[in-house]
Each structure stands twice: as structure tokens, then as C-alpha cells.
Number of protein chains: 2
Amino acid sequence: MTKTPHAKDARAASETALLDAAERLLVDVGHAGITTRRLAEAAGVNHGLVHYYFGSNENLLVRALERFTDRLIARQRELYASDEPFVEKWRTAMRFLVAEDVTYEKVWLELQALAWNDEGLRERLSGVNAEWRAVLAEAFAEPHRKLGLQIPLDALVSLVITFNLGVIVERLGGIETGHAELLDWIDGWLSS
Amino acid sequence: MTKTPHAKDARAASETALLDAAERLLVDVGHAGITTRRLAEAAGVNHGLVHYYFGSNENLLVRALERFTDRLIARQRELYASDEPFVEKWRTAMRFLVAEDVTYEKVWLELQALAWNDEGLRERLSGVNAEWRAVLAEAFAEPHRKLGLQIPLDALVSLVITFNLGVIVERLGGIETGHAELLDWIDGWLSS
DNA sequence: CGGCGTCTTAGTCATTCGTCTAAGTCATCT
DNA sequence: AGATGACTTAGACGAATGACTAAGACGCCG
């Protein structure tokens, strides 16, 4: 029943290597360019393992999505769960948003683009979105009340999520015009 | 030198059919699923024509992007160039944004996703973005002044563009939570 | 220490891909 | 009417793909 520790480690390592490679390839060539063999080559494992471990190319990407979204939610929770004042959390989040490195965002949006054409993935994504939304709604509840904003909390959360998503998409397209101005203004407004 | 009118028409018709098929396939299967043969089949033409007319599969998608973005900009200009009061233009734009049919948006974002992995396409897209931005900046200049908004015009335009883009991406992922609330609030705020 | 079950490898298989070409078609012009 | 030249078609080509498998390697357990 119990697997040998070494073999278990080796298998886990190979699986991780493949999932890591999937993320790397999503960044480098996009989901359209991911093939079994390229995946295996990037992970440094035999290409037959993709089928043996994951059943299929597509399944591997599903697993990659699961792993990635778990981390995504964890990161969000961690960010907004700290004891810092809200404005500091916001600033941290925005620093991530316009960081030079778009690796994380590229993986995330390539997976979304993949889901646009895959009903199963789409359902999974909407679950993640609901979680993300819940985290933000909780984080924004206090400042929303304190600042006496007229916009309903629901609408505010949607505004934040969508404009963040839009910024990411624009950045992936090589567009950054106006982003700094927008974030600066929000920051100034929050500070006052 | 001059081509025969009939032949010219036939060729133009076939090219158009292929470009139309490309858009249809972008909606139905995404850019990753577009192949020479499928394209030709969907357009009802011989698959060799893709090479004969466009040189390559990729070139055809570039042409599809050009045609689509031309229409996109034209639509934007038309919308914001009318004599209606600003609030009516806004409402029309928002009605498009949350219309049931996401065909237009799907084509647009599939092309963007394609561009994420293609330097040439990315440059073309940033040009389109700049045009769009200019149209919006002009349209928002008056209401921005009249309403005495504190947010700089640049930042406002970015906010509008990015939140629109985010709404589109969420909708393509099957997510609509909060959109109606957000748009309703904006509408109410504009009306007051 | 030898059998045993799991992991790993190399390789096969049919299919599909993009590209390209040779042969055929057809409207036009002399 | 026949030649011309652009357009269209069917098909061939090698390369690459995802799926799958048989055989070997490896480490554990009795």
C-alpha cells in the first residue's frame, strides 16, 4: 500500500517539475503553444510521463490551474488578513499590480483565456472568483463604512476587481498609459 | 494589369469569407484551435487558398485583427461623436458592455490573448489602444469639467477603460456578479 | 537475497498540422 | 477561336502532435 519514500519523492518531484514547467510555458509561449513534448522537455522528464501521471495534456493544465488558484487565494488572504491599516494593504496590492514582473499575471490570464473555451475550467474559475470576491468584500467593509462611501459595497468590490483585471490585461498587451496616474490619484484620495 | 471583375469579386468574397470564418472560430474555439483546414472549411473554400491568399495562417489572423480593430475604432468614434448628451452615450456604451451577446468581446479578447505571445501584434494593439484612449479622452473632457471631478482626466480615462476591460474578461469567464450593481450605481450617480 | 510491484524509458501509432505544387478552370483579349 | 494569365482545386509532403504500450530498471519486503 505505502509507496517507497524514494519513489514517492521522485514522482512528486517529477509532477511538480511538470506543473512548474506548465507555468513557465504559459508565460513564455501561452497556452496555445503547450504540447506534451515541450512540457516534458521543459520539466526535464520523459514525455511519456505526462500521460502516465496526468492522463492527458489537458488534465495537466487543469491541475496547474488548481495549484495556481490555491496559491492565488492564499496570497490574497494573507495580504488582506494582516493587522496593517487598510491603506497599507491597498498599497501593497497595487505594488504587486504594477510590478515589473508580470509572470504571475501572465499565468493567471493564460489560464483564464484557456477557460474561455472550456466549460469545466470556467466553472472552476468562477469558484475562485467568488472566493477572491469574498476576501475583498471583507477587506473593504471597514474602509467602506469609515469613509462613508455612497457606492454599495458590492459595486465597489466589482469596480476594484474589474479595474485590476483591466490593468493586468493592458499590461500584458504592453500598455501602461495612465496606470500610474490612476493609482496615484487613488492613493492620494485614500490618504486624505 | 486589371483583373477581371468577376474573378476579382470571387477572390474578394473568398478572402472576406475566410476573415469572417476566422472571427467565428475565435468565438467558437479560441485562437488556439484555429488551423488552416478548419478555417477553410468554415469559410467553405479550399484549404490551399489560405496559403495562396494570405501566405500563412498567422498572416490571416493578423489581417483579421486589422479588420476587426478598424471596425472597433469606427464603432467607438460613432458612439461618442453623436450629438446626444454624454449620459446617453454612456448608457449606450454600457448597454453594449453587458449585452447578452459576447461575440464582439470574445473576438477582441482572443486577439489580445494572441498578441500576448506575439510582439508584432502587440505593437499593433497598442496603436489601437491609443486611438481608443483618445476617443474616450475627448468624450470625457466635457463631463469631467462640468462635473468638477477631482480625478485627473488621464486617470479617469484609464479607470473607465480598465474597468470595462475587466468586466469583459469576467463575462467571458462566465462571471457577472456585481456588474449590474456597479453600472446601476454609476448611472444613478451620473443622473444626479 | 530473490521475487514483486511500481516507476521510468524508449519507441510506436494514427492523426493532424502548415506548406507547397502541379494540374485544371475560366473569363478575357486579340 | 485560340492563346493568355490569373484563379482554383485536389492532393502530396515531411514534421509534429497526443495517446498509448511493452519492456526494462529500481527499490522494497518477506
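What you see below is based on every heavy atom in this structure, not just the backbone, and it leaves out hydrogens, waters and symmetry mates. Here is how names work: the chains are called A, B, and so on, in the same order as the sequence lines, proteins then strands, and each is numbered from 1.
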*Send over the distance from Leu39(B) CG to dC17(C) P, rounded to a whole Å.*
11 Å
*Would you indicate which nucleotide in dT19(C), dT9(D), dT17(D) comes nearest to any side-chain atom of Arg37(A)?*
dT17(D)
*Contact under 4.0 Å: Asn46(B) side-chain N or O vs dA10(D) OP1/OP2*: yes
*Starting at atom CG of Leu49(B), determine the distance to atom C1' of dT25(C), rounded to an integer number of angstrom.*
13 Å
*Return the 5'-most residue of the pair His51(A), Arg38(A) with respect to DNA chain D, ranking by each residue's nearest nucleotide.*
Arg38(A)
*asked:* Below 30° counts as parallel, above 60° as perpendicular, anything between as tilted: where do the rings of Tyr104(A) and Phe68(A) land?
replied: tilted
*Rounded off to whole Å, could you give me the OH-to-C1' distance for the Tyr52(A) and dG11(C) pair?*
17 Å
*Let me know the distance between CG of Asn57(A) and P of dG18(D), rounded to the nearest Å.*
5 Å
*Tell whether His47(B) reaches the base of dG11(D) with its side chain through a donor-acceptor pair below 3.5 angstrom.*
yes
*Take the protein atom OH of Tyr53(B) and the nucleotide atom P of dC20(C), then report the distance between them rounded to whole Å.*
18 Å
*Can you find a side chain N or O atom of Ser56(B) that sits less than 4.0 Å from OP1 or OP2 on dG18(C)?*
no
_Short side-chain N/O contact from Thr36(B) to OP1 or OP2 of dC17(C), under 4.0 Å_ = no
Would you give me the side-chain donor-acceptor pairs under 3.5 Å for residues 27-41 of chain B, sequence neighbours excluded?
unit_1	atom_1	unit_2	atom_2	d
His31(B)	ND1	Glu110(B)	OE1	2.8
Thr35(B)	OG1	Arg38(B)	N	3.2
Thr36(B)	OG1	Asn57(B)	ND2	3.4
Arg38(B)	NE	Gly33(B)	O	3.2
Arg38(B)	NH2	Gly33(B)	O	3.2

_Closer than 4.0 angstrom, basic N to acidic O: yes or no for Arg145(A) and Glu142(A)?_
no
_Using whole Å, what does the distance between atom P of nucleotide dT8(D) and atom CG of Leu18(B) come to?_
11 Å
_Salt-bridge criterion met for Arg67(B) and Glu15(B) (N-O under 4.0 Å)_ = no
*Spacing between Leu60(A) atom CG and dG18(D) atom P, to the nearest angstrom*: 11 Å
